[in-house]
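Worth saying up front: this structure is predicted, and the values here are computed from it rather than measured. The first residue of the sequence shown is numbered 1, and numbering continues consecutively from there.
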Amino acid sequence: MQIHTVHTLTELRAALRQHPRWALVPTMGNLHAGHLGLIARARQENVPVVASIFVNRLQFGPNEDFDRYPRTLQRDTELLAEVGSTLLFAPDEAEMYPQPQTFRVLPDPALSGILDGAARPGHFEGVATVVMKLFQMVQPAYAVFGKKDYQQLLLIRRMVEQFALPVTIIGLDTVRAEDGLALSSRNGYLTPEERAQAPQLQAALHALAAEARSATAAEQLHQMEQQAMTRLAQHGWTPDYITLRRRADLLPLTAQDLHQGTPAVVLGAARLGRTRLIDNVEC
Ligand code: PAF
């Protein structure tokens, strides 16, 4: 299929005028089967799909992997054409941030300051700001995000609700390799030995999800989480967190939540060598 690539906002707006409604799939490129699943899901809405590729400096900390983040535009364009994306918006930094982006979206710290937000200060402000900007540029009817970035998805849903943005957010289940590893552009950083070990993160989350069903008190749950992190550390990982949270707000479960079976999710983030991986399992 033909894909039309644009790099500027003027070109983007001209291309968007060809159809009344669009679905947006925002990405940072280096596309894998997970991203292609997002495009396929977007196409189910029977509107043309615009994918964006932009490695957003605002969401990277000073010691993070902004510079080495893989940029593979040629291959990404071919993949997007294959899966039937109509339009690709690939701005450079000067186009996305022609002036320093001094106006920002400040997410609720109760959500943006925990878990990945605690480990990566400023990360979610950067994400919310660029997603808001992409929504303004594209004005999509739908936008599709993966559940691998569970906290990001919840934060974007809240932002859309609170700013009454006219876009329907669709969350899609994580796509995994055969051995269970969640697909991620950062998997490419892993050495072959690390790659073989990487499914241990998902296994740890599943183990905690199974074990946590027997917990009746928050303190007991906390001990299970600590043990899960210790076991992972014994295999050479450096965990940031492994924790059971309520799906609705990512806060810890109370004894009452445990008793009532409140919908929950086990979330984990851990470093293996130089690579930080995240994953989650709903339970
Ligand atoms: O999930 C991502 O790839 C990024 O955080 C996003 C949503 C494209 C914003 O830069």
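In this structure, Phe103 stands alone, with no Ile, Leu, Val, Met, Phe, Trp or Tyr side-chain heavy atom under 4.5 Å from its own, directly or through other members. Grouped by direct or indirect side-chain proximity (heavy atoms under 4.5 Å, Ile/Leu/Val/Met/Phe/Trp/Tyr only), Val175 sits with Leu183.
For Leu251, the side-chain contact (heavy atoms from CB on, under 4.5 Å) criterion is met by Arg246, Asp249, not counting sequence neighbours. The side-chain contact (heavy atoms from CB on, under 4.5 Å) check on Asp76 picks up Leu31, Ile53, Thr72, with sequence neighbours excluded. Considering only residues two or more places apart in sequence or on other chains, Ala128 meets the side-chain contact (heavy atoms from CB on, under 4.5 Å) condition with Val105, Pro107, Leu155, Met159.
Atom CD of Gln162 is separated from atom CZ of Arg157 by 14.5 Å, given to the nearest 0.5 angstrom. Going from atom CG of Leu111 over to atom CG of Asp116 covers 11.0 Å, rounded to the nearest 0.5 Å. Between Gln2 atom CD and Thr86 atom OG1 the span is 11.0 Å, to the nearest 0.5 Å. The line from CG of Asn56 to OG1 of Thr27 is 11.5 Å long, rounded to the nearest 0.5 Å. Note that CD of Gln227 is 6.0 Å distant from CD of Glu211, once rounded to the nearest 0.5 Å. Once rounded to the nearest 0.5 Å, the distance linking CE of Met28 with CZ of Arg71 reads 9.0 Å.
The hydrophobic clustering, which links ILVMFWY residues whose side-chain heavy atoms are closer than 4.5 Å, places Leu115 and Val281 apart. Under a hydrophobic-cluster definition in which Ile, Leu, Val, Met, Phe, Trp and Tyr are linked whenever side-chain heavy atoms come within less than 4.5 Å, directly or via other members, Met229 and Leu250 are assigned to different clusters. In terms of hydrophobic clustering, with Ile, Leu, Val, Met, Phe, Trp and Tyr side chains grouped at heavy-atom distances under 4.5 Å, Val144 and Val127 are assigned to different clusters. A chain of hydrophobic side-chain contacts below 4.5 Å, direct or via other Ile, Leu, Val, Met, Phe, Trp or Tyr residues, connects Val49 to Val47. Leu134 is not connected to Ile170 by any chain of hydrophobic side-chain contacts under 4.5 Å among Ile, Leu, Val, Met, Phe, Trp and Tyr, and they are in different clusters.
You'll find the side chain of Leu16 stays beyond 4.5 Å of the side chain of Gln139, heavy atoms only. In this structure, Gln226 and Gln223 have side chains that are not in contact, with every pair of non-hydrogen atoms separated by 4.5 Å or more. Leu208 places none of its side-chain heavy atoms less than 4.5 Å from the side chain of Arg231. Side-chain contact between Asp65 and Thr275: absent, with no pair of heavy atoms (C-beta onward) separated by less than 4.5 Å. Between Leu9 and Leu12 the shortest side-chain heavy-atom distance falls below 4.5 Å. Using a 4.5 Å cut-off on side-chain heavy atoms (C-beta onward), Leu165 and Gln136 make contact. The shortest distance between side-chain heavy atoms of His4 and Glu11 does not fall below 4.5 Å. Put simply, the side chain of Pro140 does not reach to within 4.5 Å of the side chain of Val50, judged on heavy atoms.
Applying the salt bridge (charged side-chain N to carboxylate O under 4.0 Å, His left out) test to residues at least two apart or on different chains, the pairs with a partner in residues 192-202 are Asp179-Arg195. For residues 233-272, no pair satisfies ring-ring contact (aromatic ring centres under 6.0 Å, His included), with sequence neighbours left out. Under the ring-ring contact (aromatic ring centres under 6.0 Å, His included) criterion, the residue pairs touching residues 9-57 are His19-Trp22, His32-His35, Phe54-Tyr97, with sequence neighbours excluded. Applying the ring-ring contact (aromatic ring centres under 6.0 Å, His included) test to pairs two or more places apart or on separate chains, none has a residue in residues 110-166. Sequence neighbours left out, the pairs with a member in residues 138-150 that pass salt bridge (charged side-chain N to carboxylate O under 4.0 Å, His left out) are Lys147-Asp173, Lys147-Glu282. Each salt bridge (charged side-chain N to carboxylate O under 4.0 Å, His left out) pair with one or both residues in residues 98-107, not counting sequence neighbours, appears once here: Arg104-Glu125. Applying the salt bridge (charged side-chain N to carboxylate O under 4.0 Å, His left out) rule to pairs touching residues 77-94 yields Arg57-Glu93, sequence neighbours excluded.
For Arg75, the CZ atom counts as loosely surrounded, since its 6.0 Å shell holds 12 or fewer non-hydrogen atoms of other residues, nucleotides or ligands. Few gaps surround CZ on Arg247; more than 12 heavy atoms of other groups in view lie less than 6.0 Å from it. Annotation: Gln260, atom CD; neighbour count of heavy atoms from other residues, nucleotides and ligands within 6.0 Å is above 12.
The side chain to side chain contact (heavy atoms under 4.5 Å, CB included) test with Leu205 is passed by exactly one of Ile242, Leu244, Leu232: Ile242.
Arg43 places a side-chain N or O within 3.5 Å of a backbone atom of Val83 that can act as its donor or acceptor partner.
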Just do the side chain to side chain contact (heavy atoms under 4.5 Å, CB included) check on Leu58 and Val130 with the steps written out, would you?
CA-CA 8 Å; Leu58 295 188; Val130 80; 5.7 Å; no
One pair to check against side chain to side chain contact (heavy atoms under 4.5 Å, CB included): Leu201 and Leu181. What are the steps and the verdict?
CA-CA 8 Å; Leu201 177 60; Leu181 177 66; over 6 Å; no
Quick one, Glu95 with His7, criterion side chain to side chain contact (heavy atoms under 4.5 Å, CB included). Give me CA distance, side-chain angles, the key distance, then yes/no.
CA-CA 8 Å; Glu95 188 66 20; His7 299 283; over 6 Å; no
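Under the 3.5 Å distance criterion, with hydrogens and angles disregarded, a donor-acceptor pair is assigned to the side chains of Thr243 and Arg245.
For Leu24 against Pro26, the heavy-atom pair with the smallest separation is O-CD, 3.7 Å.
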